[in-house]
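Worth knowing before you read on, the calculation uses all heavy atoms, side chains too, and leaves out hydrogens, waters and symmetry mates.
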Amino acid sequence: MTLDDILNAPAPASGWILAQDCAETGLEPADIRAEMLRRIGQMRESIERGLSSDARSITGMVGWNAKGLWDAQDALQSPLLKRVQAYAMAVNEENARMGKIVAAPTAGSAGTIPGALIGVADHLGLPDEQLVDPMILAAGIGKAISKRMFISGAAGGCQAEIGSSAAMAAAAIVELLGGTPRAAVHAAGMALMNTIGLVCDPVGGYVEVPCVSRNAFYAVHAVSAAQLALAHLESFIPPDEILGAMASVGRMMPPELRETAEGGLAQTPTGLAVTARMEGREDESGGMIELPMA
């Protein structure tokens, strides 16, 4: 399955993907849809838990962001933007607290799809049942991506994780709002194209900073890509070629920028202090390293 296959599929693209999946697995369509609805429910539960808790993660770096944004005044008077960002961070802070989340496609990028897709649906008052087929399309997009490159930060940088999740979310939103398979795939392509080169540099090696806020940013990124595609804008570079370029860039990345915590934000003074504190090391004066925490 390629992105071009999905682009040329009969509408809705999710129906074509579902038929392919049933042929491969032997499962019935109703069983797959029921499982997808269950997972959407789990995504929603992680959003709800995340929005109601300000408990810190084990490292103390995150935990209050989603609730803080959700409870804050909407200064921009942009409820969709605020909702999408808060939902995305809620899921990833649940992950940082070792709560139950749905990896989509990874734990580090788990907030992007629920933030974007469920956020848009709630903004428009749409029930979870209407998200099942868009989620099936998202899964198909993820499968097509995984056939061309690894979807892990350790293999290809954060572009491989958050880029994939943003592409999946963008395509799903397009189908949710009645867009064509071509529009959905071009939304995915634009999301990928504008993520190329993003490094994976988690502070201390923990999926917290910058991961939590990065999901908020790229959930909005996915909504932006969907809006462009629904307005009939398309990527100049064909989506499968974008995917090939991203895979190539991932192979070029040095190990320091692929989830090793040996480059980027992880090597800033504060990033190094976090690592030292978590390892129980002391600073040069002999005292434990103190970090500026919220």
Side-chain angles (χ1 to χ4, degrees), residues 1-17 40 74 76-88 104 109 111-145 159 162-198 214-246:
M1 182 187 297
T2 66
L3 294 178
D4 196 54
D5 289 333
I6 300 172
L7 183 149
N8 290 302
S14 59
W16 180 82
I17 291 168
I40 292 167
D74 187 1
L76 294 177
Q77 297 185 27
S78 179
L80 175 60
L81 178 64
K82 176 180 175 179
R83 183 183 297 275
V84 166
Q85 291 179 316
Y87 280 18
S109 60
T112 307
I113 293 175
L117 183 61
I118 297 179
V120 167
D122 284 0
H123 178 71
L124 298 176
L126 304 177
D128 286 354
E129 288 75 13
Q130 289 189 30
L131 304 183
V132 172
D133 285 348
M135 279 290 292
I136 290 172
L137 172 57
I141 295 289
K143 183 176 182 179
I145 292 171
Q159 58 165 14
I162 205 79
S164 298
S165 64
M168 294 162 69
I173 292 169
V174 170
E175 176 152 316
L176 175 68
L177 300 181
T180 64
R182 182 180 185 90
V185 174
H186 273 283
M190 286 187 281
L192 289 170
M193 178 172 63
N194 291 290
T195 316
I196 289 178
L198 189 64
R214 189 166 285 173
N215 274 262
F217 276 89
Y218 279 87
V220 175
H221 179 83
V223 175
S224 297
Q227 181 155 349
L228 293 179
L230 287 164
H232 308 295
L233 278 68
E234 296 187 349
S235 167
F236 181 81
I237 305 297
D240 274 314
E241 291 184 25
I242 295 171
L243 183 52
M246 178 175 277

inquiry  = Can you tell me how far apart CG (Asp128) and CD1 (Ile40) are? Round to the nearest 0.5 Å.
reply    = 6.0 Å

key: Point-to-point distance, once rounded to the nearest 0.5 Å, from OG1 of Thr2 to NZ of Lys143   = 12.0 Å

inquiry  = I'd like to know if the side chain of Glu175 reaches the main chain of Ala184, judged simply by a donor and an acceptor atom lying under 3.5 Å from each other, with no hydrogens or angles considered.
reply    = no

Short side-chain to backbone donor-acceptor contact, Asp240 and Asp4, under 3.5 Å = yes

key: Smallest separation among heavy atoms of Ser109 and Ser165, with atom names   = CB-OG, 3.5 Å

task = Taking the side chain as every heavy atom from C-beta outward, state whether Leu3 and Ile242 have any pair of such atoms under 4.5 Å apart.
result = no

inquiry  = Within this structure, what is the CG-NE2 distance for the pair Leu81 and His123, rounded to the nearest 0.5 Å?
reply    = 10.5 Å

message = Just verifying a value: how many Å separate Lys82 NZ and Asp74 CG, rounded to the nearest 0.5 Å?
response = 5.0 Å

key: Validation row: Leu117, Met168 side chains within 4.5 angstrom (heavy atoms)   = no

key: Between CD1 on residue Ile118 and CD1 on residue Ile173, distance to nearest 0.5 Å   = 11.0 Å

task = Compare all side-chain heavy atoms of Tyr87 with those of Pro114 and state whether any distance is below 4.5 angstrom.
result = no

query = Which atoms form the tightest heavy-atom contact between Ala219 and Ala116, and what is the distance?
reply = O-CB, 3.6 Å

Distance-minimising heavy-atom pair for Leu192 and Ala167 = CG-CB, 3.7 Å

query = Do Leu176 and Leu124 have side-chain heavy atoms sitting under 4.5 Å apart?
reply = no

request  = Write down the atom of Ala138, the atom of Ala172, and the distance for their closest heavy-atom approach.
outcome  = CB-CB, 4.1 Å

task = Indicate yes or no: at least one non-hydrogen side-chain atom of Leu198 is less than 4.5 angstrom from one of Arg214.
result = yes

inquiry  = Show the nearest heavy-atom pair for residues Val174 and Ala229, with the distance to one decimal.
reply    = CG2-CB, 4.2 Å

Derivation and outcome, side chain to side chain contact (heavy atoms under 4.5 Å, CB included), residues Leu137 and Ile6 = CA-CA 9 Å; Leu137 172 57; Ile6 300 172; 3.9 Å; yes

Reported CD-to-CE distance for the pair Gln227 and Met190, which is rounded to 0.5 angstrom = 10.5 Å

query = Is Leu243 close to Ile145 at the side-chain level, that is, under 4.5 Å between some pair of heavy atoms?
reply = yes

key: Least distance between heavy atoms, Ala225 atom then Ala170 atom   = CB-CB, 3.9 Å

message = Measuring only between side-chain heavy atoms, which start at C-beta, is Ile162 closer than 4.5 Å to Phe217?
response = no

message = Has Ser235 got a side-chain atom pairing as donor or acceptor with Ile237's backbone, closer than 3.5 angstrom?
response = yes

ask   = Given His186 and Leu7, is the side chain to side chain contact (heavy atoms under 4.5 Å, CB included) satisfied, shown in steps?
value = CA-CA 8 Å; His186 273 283; Leu7 183 149; 3.8 Å; yes

inquiry  = Around atom CD of Glu234, are there more than 12 heavy atoms from other residues, nucleotides or ligands closer than 6.0 Å?
reply    = yes

